Structure formats: structure tokens, C-alpha cells
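Worksheet for the structure shown next.
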Protein chains: 2
Amino acid sequence: MSLFDYDPYARGCASRQLLDRIGDRWTVLLISTLEDGPHRFSELSRRVDGISQKMLTQTLRALEADGLVRRTAYPEIPPRVEYELTALGRSLLEPLQALVSWAREHMGEVQASREDARAG
Amino acid sequence: MSLFDYDPYARGCASRQLLDRIGDRWTVLLISTLEDGPHRFSELSRRVDGISQKMLTQTLRALEADGLVRRTAYPEIPPRVEYELTALGRSLLEPLQALVSWAREHMGEVQASREDARAG
DNA sequence: CTGTATCCAGCGGGATACTG
DNA sequence: CAGTATCCCGCTGGATACAG
């Protein structure tokens, strides 16, 4: 069975779309940060070290539009907004976990290979 | 258990490194194209539609340095070069498959959610 | 056939300032 | 607190020309 069964190179391909989404710098980091429950904007800003306010907002908006994250604004003063994974978003944690497991298990070999390549 | 168990935001993090690698436009497409055996440079150029010669070379070099792809040059005229997945490279197919399966199963929902968001 | 070298446009994304 | 708006730099990656 082929990894991709139909025109994997087309823009509309599901696999391609998913990779375009999770391929960016922040999406997976945000999803993993949200795995233990709801978090406020400022919490995310602090926990995902290095992310700018612009990219935090932008990535959250994209995840929300994709139905992976739910945004809840509480009409208080000062305003409070919480973000949490939807069921769909949580379902993505598993395949992501598979990838992370592979990384844990094999990135050492990759690293060694890189250094060999650099050396000679 | 956390998706990431240690400083997932650091540059050196295995997960981050893997995502940086597979996040780019061509890496996963090349790996999937190589899953059915060795291929010549020109074959890859034709099969991965839209890839430029520069990016094909560049991505193959990176995969080779990472130990995921093996390059074999045959001293013939005209020159023939074949690329194939290493055992390490093939082991990456499985977690990639998990991601592709998720995409097949759920990207419809994501797509619907996007259209809802667009509509209002 | 299998590359390498160079140029350059597009845009992702950071820094900064401002707002409800 | 939770954003939005704007400017602008750097890098990815396409096009093109050249080479072993």
C-alpha cells in the first residue's frame, strides 16, 4: 500500500494540507502545550517560549478555523480568553505522538549520521 | 504522559528537529516517492511534480546526510545515480503513515470547519 | 544525465506601536 | 489582558545559466 494513494503532490491532497499545517514552526508546539487542558492567551505566550504575539494569535486563529482548537472568551474585566483542544484536535495527538516517538528513538542515529557527513 | 517530555521548544529538541526536517515542502513527498524502491534522479524529478532541480538536489542531500536515503552513483556514461531509502528511512514510513491516515479520516472535518469559519 | 552556481522575488515572521 | 496594525528583514525556493 502506498503512503499516498492519490496525487500526493496536488495542493488539495489531504496529506499535503495536513503537512502544510503542522509543518510550520508553532502549530505542533501549541497543540502539545494545550494537551493538558485549557490555557489563557498569556499562559500560552509564556509557555511557548520564543513565539511572538503575532504568531501566537495567527496560529491560534488558524487552529480555531480548522476546528482543532476552541476559543472561549469570558466577558469580564479584564478580559479572559481560554483556548482548548477540541475532540478533533485531541485525536491528532496520537499520530503526532507516533512521530515524536520515532524522533526520540531515532534522532540520535540521524544526529550521528549528520556528524559523519560533516566530518567526511 | 506529555507529548513532549523535555523542553520541546529548544532548538536541540529531537521532536523539533524532526518537524523542521519533515515540515518543508518536499521531504515527505520524496520519502513517499522512494517507498517502492530505488529511483534515479530524473525519475524523481518527473514523479515529484513541481519540484525544481535545485530543491530536488538540496532535499536529497539533506536526507542523505541524515542517513535516511542512500545515494549510489554508477560510473557509467552517461552517469546513473540511484536513491533509495535506508532502513532508518523506511522506519520513518510508519509514523508518517499514521499522520496520513489521520488526514484521510479527518481532513474532511477540517475542511468543513474552515468553510464554516469563512462563511461566518 | 546529474548535477552546481547565481540571482532575485515572495512571504513568513519578528519588532514595535497602538487599541478595546 | 488580549489582541490589531504596520514596517521590514531574512530566508526559502524558483528560474536560469553553466559544468563534468
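To find a chain, count down the sequence lines: A is the first, B the second, and so on, and within it residues start at 1. Predicted, not measured: the structure shown is a model, and the values here were computed from it.
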Atom pair distance, as rounded to whole Å: CG in A:Leu29 and C1' in C:dG13: 15 Å
Protein-nucleotide distance (A:Leu60, atom CG; D:dT4, atom C1'), rounded to Å: 15 Å
B:Glu76 CD to C:dT2 C1', straight-line distance once rounded to whole Å: 13 Å
Short side-chain N/O contact to C:dG3 OP1/OP2 from B:Arg80, under 4.0 Å: no
Full working for side-chain contact (heavy atoms from CB on, under 4.5 Å) between A:Ser91 and A:Leu88: CA-CA 5 Å; A:Ser91 76; A:Leu88 186 60; 4.1 Å; yes
Qualifying residue for side chain to side chain contact (heavy atoms under 4.5 Å, CB included) with B:Asp66, from A:His106, A:Arg114, A:Glu109, A:Gln111: A:Arg114
Presence of A:Ser52 side-chain N/O under 4.0 Å of C:dG13 phosphate oxygens OP1/OP2: no
Separation of C:dT2 C1' from B:His39 NE2 (nearest whole Å): 17 Å
Length of the CZ-P vector between B:Phe41 and C:dT2, whole Å: 7 Å
Closest-nucleotide ordering on DNA chain C, the 5'-leading residue of A:Met55 and A:Pro79: A:Met55
Contact summary for B:His39 and B:Asp36, nearest pair of heavy atoms: NE2-OD1, 3.0 Å
Crowding at CD, A:Glu43 (>12 non-hydrogen neighbours, <6.0 Å): yes
B:Arg90 side chain vs B:Leu85 backbone, donor-acceptor pair below 3.5 Å: yes
C:dG3 phosphate, OP1 or OP2, under 4.0 Å from B:Arg61 side-chain N/O: yes
A:Arg40 vs D:dA2: side-chain N/O to OP1/OP2 distance below 4.0 Å: yes
Whichever of A:Arg46 and A:Lys54 has its nearest DNA chain D nucleotide further upstream toward 5': A:Arg46
Nearest-angstrom distance from the residue atom CD1 of A:Ile51 to P of D:dA2: 14 Å
Sugar-phosphate only, base, or nothing, as touched by A:Gln58 at under 4.0 Å among non-hydrogen atoms: nothing
Any A:Thr57 side-chain nitrogen or oxygen under 4.0 Å from OP1 or OP2 of D:dA2: no
Side chain of B:Gln53 - closest among C:dG3, D:dC1, C:dA17: C:dG3
Touch class at under 4.0 angstrom, heavy-atom based, for B:Tyr74 against every strand present: nothing
Short side-chain N/O contact from B:Arg25 to OP1 or OP2 of D:dT12, under 4.0 Å: no
